[in-house]
Amino acid sequence: MRGDLRRWSPCLLGGAVFAVCMIGTTLPTPLYGLYQEKFGFSELTVTVVYAVYAAGVIGMLLLAGNASDAVGRRPVLLAGLGFAAVSAVCFLAATGLDWLYAGRLLSGLSAGLFTGAATAYVIELAPHGGGSRATFVATAANMGGLGCGPLLAGLLAQYARWPLYLPFIVHLGMLACSAAALLWLPETVRDRQPLRTVRPQRPALPPSVRPVFAPAAIASFVGFALFGVFTSVSPAFLAESLDVHNHAVTGLVVALAFFASTAGQWAVGRVGVVLSLPVGCAALLAGLALLAGALAWDLLPLIILSALIGGGGQGLSFRGAMSAVADATTPDRRAAVISALFVVAYTGISIPVIGVGLLVSPIGLEGAGLVFIACMALLVTTAGIYLLRRPVPTPDASAA
């Protein structure tokens, strides 16, 4: 047992570094209400601030999503930690809306560097034959970190001093520890090339990945769109419609969706990669239906159930998508292909969220949420039917 832990320790440590970076991307979620009071901006502005993060992720994935395949994983991840640290400093220094835009953009650049490179790095740090378990470590670190962000910030904002400062001070300390861990971990890219060889990339896929990628991308888009609305709009809904002003509760509700995603990813090992995608789509549809009920009847229990069931569905579909794509990709293209999958996923975060923000003024928060739910329900139903009729072809269909 101790020997097994020793063999897995680099992989687990790499996953912890991944989680720390992702914590910073959702850290402001329960604090947006406080920023609205301080700087006086609208709900539309909240969604735009959130979408700026997604734009940063997508831009970095397109510009440097394949950088770690060339220059190595560690230099790219250290740069990502640097962007995360500067993002935290922007929030600490914030005296107006421009600082929030800058902080979110830098946070997006950090996540854009991390998503593909850290996923590939964690998989490559695993012992021989442990690729499937390592994929779970990587995706769980991603979603677990996203869940810990609002929970940490909510607890500190509610029960400690300096609610708009202490969360980012704590995160800076975590980033420093993560940088030290990265310097200790080995590099996994053997044939490294100079930085000048890295070129902006269009989303391009090797022929072996294309049959896998399309259905995987559909499921990822819908799951991330649901998370986008949860993280950008649900704090305002809890405060305005349910009179929930406790920052810790707000952070916990958002975190539950991400933690449920981690549980859904774990369940892929029992369900299998092929079934996890359509089953995940069905759970996403149920989560959307519960969210519609919560918006229509102002019920907190339905919000919590929506977070748990929808988050679980997102985890099933996301890990299934990641496993299928990783299995079909050669190591020298893995980070680039994973980055392309994240481009689709983060498009799901940004466009629907901005759409909800635009609709809030004419039809209200509940109405905007219901329109979003109807559109996503149609998309996820189409994706589920497609996946049932044309299952994802993967050489590792029965194990995950």
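A quick note: this is a predicted structure, and the numbers were derived from the prediction, not measured.
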Any side-chain heavy-atom pair of Pro235 and Pro30 under 4.5 Å: no

Leu285 reachable from Leu308 in the ILVMFWY side-chain graph, under 4.5 Å edges: yes

Leu77, Ile123: one ILVMFWY side-chain cluster at the under-4.5 Å cut-off? no

Residues Trp266, Arg319; criterion side chain to side chain contact (heavy atoms under 4.5 Å, CB included); working and verdict: CA-CA 9 Å; Trp266 175 82; Arg319 189 189 171 198; 5.7 Å; no

Working to the nearest 0.5 angstrom, can you tell me the gap between Ser178 OG and Ile23 CD1? 8.0 Å

Between Phe342 and Asn142, is there a side-chain heavy-atom distance shorter than 4.5 Å? yes

Gap between atom OG1 of Thr95 and atom NZ of Lys38 - 0.5 Å precision: 8.0 Å

Less than 4.5 Å apart, side chain to side chain, heavy atoms only: is that true for Val49 and Tyr32? yes

Is there side-chain contact between Ile349 and Val57, with heavy atoms separated by less than 4.5 Å? no

Is a side-chain N or O of Ser241 found less than 3.5 angstrom from the main chain of Leu238, in a donor-acceptor match? no

Is there a side-chain contact between Val254 and Thr26 in this structure, where contact means two heavy atoms from C-beta onward sitting under 4.5 Å apart? no

Side-chain heavy atoms of Arg74 within contact of Thr188, under 4.5 Å: no

Which distance, rounded to the nearest 0.5 Å, do you find between the CZ of Phe91 and the OG of Ser107? 7.0 Å

Between Thr115 and Ala111, is there a donor-acceptor pair closer than 3.5 Å when you use the side chain of the first and the backbone of the second? yes

Spell out, as yes or no, whether a donor-acceptor pair under 3.5 Å connects the side chain of Thr47 to the backbone of Leu44. yes

Check for me, please, whether Val380 and Leu370 land in the same ILVMFWY cluster - side-chain distances under 4.5 Å, paths through other members count. yes

Check for me, please, whether Ile351 and Met376 land in the same ILVMFWY cluster - side-chain distances under 4.5 Å, paths through other members count. no

Please list all pairs meeting side chain to side chain donor-acceptor pair (under 3.5 Å) that have one or both residues in residues 290-310, counting only residues at least two apart or in different chains. none

Taking the side chain as every heavy atom from C-beta outward, state whether Ile303 and Leu291 have any atom pair closer than 4.5 Å. yes

For a ring-ring contact (aromatic ring centres under 6.0 Å, His included) check, start with the C-alpha distance between Phe18 and Tyr121, then their side-chain angles and the critical distance, and finish with the verdict. CA-CA 10 Å; Phe18 194 178; Tyr121 190 47; over 10 Å; no

Residue pairs fulfilling salt bridge (Lys or Arg N to Asp or Glu O under 4.0 Å) with at least one residue in residues 60-71, sequence neighbours excluded: Asp69-Arg73

Relative to each other, are the rings of Tyr35 and Phe39 parallel, tilted or perpendicular (30° and 60° limits)? parallel

How far apart are the closest heavy atoms of Gly72 and Arg192, and which atoms are they? CA-CD, 3.8 Å

May I ask you to test the Trp162-Leu156 pair for a side-chain heavy-atom distance under 4.5 Å? no

Could you grab the distance from atom OG of Ser220 to atom CD of Gln314, nearest 0.5 Å is fine? 7.5 Å

Answer with yes or no whether the hydrophobic clustering places Leu284 together with Leu290; edges join I, L, V, M, F, W, Y residues whose side-chain heavy atoms lie under 4.5 Å apart. no

Side chain of Arg104, backbone of Thr25: donor and acceptor closer than 3.5 Å? yes

On a heavy-atom basis, the closest approach of Leu151 and Ala255 is CB-CB, 4.0 Å

Side chain to side chain contact (heavy atoms under 4.5 Å, CB included) assessment of Val353 paired with Tyr53: CA-CA 12 Å; Val353 166; Tyr53 158 74; over 6 Å; no

CG (Leu81) and CG (Leu172) are apart, to the nearest 0.5 Å, by 11.5 Å

List the atom of Val189, the atom of Ser68, and the distance in Å for their closest heavy-atom pair. CG2-O, 3.5 Å

Side chain to side chain contact (heavy atoms under 4.5 Å, CB included) between Leu100 and Thr45, intermediate numbers included: CA-CA 11 Å; Leu100 301 189; Thr45 303; over 6 Å; no

Which heavy-atom pair separates Val268 from Leu316 by the least distance, and what is that distance? CG2-O, 3.6 Å

After noting the C-alpha distance and the side-chain angles of Leu175 and Val20, does the key distance pass the side chain to side chain contact (heavy atoms under 4.5 Å, CB included) rule? CA-CA 7 Å; Leu175 289 170; Val20 166; 4.0 Å; yes

Pro75 to Glu187 - nearest heavy-atom pair and separation: CD-OE1, 3.5 Å

If you apply the rule side-chain hydrogen bond (donor to acceptor under 3.5 Å, both in side chains), what do you find for Ser261 with Gln265, and how did you get there? CA-CA 6 Å; Ser261 172; Gln265 292 166 31; 3.1 Å; yes

Distance, nearest 0.5 Å, that separates CG of Leu226 from CZ of Phe372: 5.5 Å

Looking at Ser87 and Phe83, would you say the former's side chain and the latter's main chain have a donor-acceptor pair under 3.5 Å? no

Counting N and O atoms only, with roles assigned by atom type, does the side chain of Gln158 sit under 3.5 Å from a partner on the main chain of His247, one being a donor and the other an acceptor? yes

Between Pro150 and Thr29, what is the shortest heavy-atom contact and its length? CB-CB, 4.2 Å

